[in-house]
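Written below as structure tokens is the structure these notes are about.
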Amino acid sequence: MKTKIIVFCGIMAVIIQFSMGFSADNSTIDLSKYRVDDMELFYTVPNEDEVLKVVKKPTRPFELYLGNTYFGFKEALGFKESQGDYSVVNPFGYMGKYQFSASTLEMIGIYDATDFLSDTRLQEAAFDAYTSRNKWILRRDIKRFVGKKINGVRVTESGILAAAHLAGAGNVKKYLRSGGAHAFSDAFGTTIGYYLKKFSGFDMTPILPNQRPKVRLL
């Protein structure tokens, strides 16, 4: 009889202990013995090593990488022109992020300089329109010269269009067709050859050639 009681009590003790393992109080559950090594391959936040690498950088710890896309082209050119400042006007009266003259803006349908400087969408649309016009003017030269070297610089479509933004499409035509002999530099000494090299290799397919583009915002 005593043996049966001892066995019964032992069974009850095991049942009680087991049932306590499923208590609603999760804080009593020890999960330290379980491993999740396989899940370490999937994460959406920086791990410790990545954070340490970023912290070691003295400036600009996080950067948006746009690569050789058209948006990358715009941002690179905008930074070169004005350091990306939409509100700047230089000593020669060139305005905004991409440093447009008043006459160029009028050509693409923008007549109010104040509105232009205060509207970032308008400035981006102006750049697209002007680039599409230059692409139309230089369409034959793009076909003819892309892939060739002039003054040691390999010619690309994006380099040609960047140079046209700097010097105008007419000067770029002369430069290309003269084999680089036609010299041009802006008031700060920047040359066509420099822009051809600095802005080479970007994807310009999003911009279609347009003979008479006009900026129209919805």
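- Leu196 and Ser200 get closest at one heavy-atom pair: O-CB, 3.4 Å.
- Applying the salt bridge (Lys or Arg N to Asp or Glu O under 4.0 Å) test to residues at least two apart or on different chains, the pairs with a partner in residues 66-80 are Lys74-Glu124, Lys74-Asp128, Glu75-Lys97.
- Of the inter-residue distances, the one linking Ile207 atom CD1 with Glu157 atom CD reads 10.0 Å to the nearest 0.5 angstrom.
- Within the model, atoms CG of Asn68 and CE of Met204 stand 11.0 Å from one another, a figure rounded to the nearest 0.5 Å.
- In terms of heavy atoms, Met95 sits closest to Ala113 at SD-CB, 3.6 Å.
- Separating the CD1 atom in Ile150 from the CD1 atom in Ile192 is a distance of 10.0 Å, to the nearest 0.5 Å.
- Put simply, CG on Leu66 and CZ on Phe71 are 9.0 Å apart, with the number rounded to the nearest 0.5 Å.
- A search for side chain to side chain donor-acceptor pair (under 3.5 Å) contacts involving Asn171 returns His182, not counting sequence neighbours.
- Atom-to-atom distance recorded for Leu77:CG and Phe202:CZ is 9.0 Å, nearest 0.5 angstrom.
- In this structure the side chain of Asn90 reaches within 4.5 angstrom of the side chain of Gln99, judged on heavy atoms.
- Taking a 4.5 Å side-chain heavy-atom cut-off between Ile, Leu, Val, Met, Phe, Trp and Tyr, the cluster of Tyr94 extends to Phe92, Phe188.
- Considering all non-hydrogen atoms of both residues, Ser158 and Gly201 come closest at OG-N, 3.1 Å.
- Note: the hydrophobic cluster containing Val146 also contains Val153 (ILVMFWY, side chain heavy atoms under 4.5 Å, direct or indirect links).
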Criterion side chain to side chain contact (heavy atoms under 4.5 Å, CB included) on Phe184 and Val172, from CA distance to verdict: CA-CA 9 Å; Phe184 173 91; Val172 174; over 6 Å; no

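- Closest heavy-atom contact between Pro206 and Tyr70: CG-CB, 3.7 Å.
- Judged as a salt bridge (Lys or Arg N to Asp or Glu O under 4.0 Å), the pairs with a partner in residues 177-206 (not counting sequence neighbours) are, in order, Asp141-Arg177.
- Residue pairs meeting the side chain to side chain donor-acceptor pair (under 3.5 Å) criterion with at least one partner in residues 207-218, sequence neighbours excluded, do not occur; the list is empty.
- Clustering ILVMFWY residues whenever any of their side-chain heavy atoms sit less than 4.5 angstrom apart, transitively, puts Tyr86 in a cluster other than the one holding Ile108.
- What you find for Asn134 and Ala169 is that their closest heavy atoms are OD1-CB, 3.7 Å.
- Using a distance-only test at 3.5 Å, with no hydrogens or angles considered, no donor-acceptor pair links the side chain of Arg133 to the main chain of Pro213.
- The stretch residues 138-166 participates, sequence neighbours left out, in these ring-ring contact (aromatic ring centres under 6.0 Å, His included) pairs: Phe100-His165, Phe127-His165, Tyr130-His165.
- Counting only heavy atoms from C-beta outward, the side chains of Ser87 and Leu117 never approach each other to under 4.5 Å.
- Side-chain contact between Phe116 and Leu105 is present, with at least one heavy-atom pair separated by less than 4.5 Å.
- Put simply, Leu208 and Met107 are part of two different groups of oily side chains (I, L, V, M, F, W, Y) that touch within less than 4.5 Å, one to the next.
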Evaluation steps, side chain to side chain contact (heavy atoms under 4.5 Å, CB included), between Phe199 and Leu166: CA-CA 11 Å; Phe199 298 104; Leu166 170 76; over 6 Å; no

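- Contact check for Lys148 versus Leu176: no side-chain heavy atoms found under the 4.5 Å cut-off.
- Rounding to the nearest 0.5 angstrom, the gap separating the CG atom in Leu161 from the OG1 atom in Thr156 is 8.5 Å.
- Leu138 and Lys173 get closest at one heavy-atom pair: CD2-CG, 3.5 Å.
- Under the 4.5 Å side-chain criterion, counting only non-hydrogen atoms from C-beta, Arg121 is in contact with Asp119.
- The hydrophobic cluster containing Val88 does not contain Tyr98, counting ILVMFWY residues as joined when their side-chain heavy atoms lie under 4.5 angstrom apart, directly or transitively.
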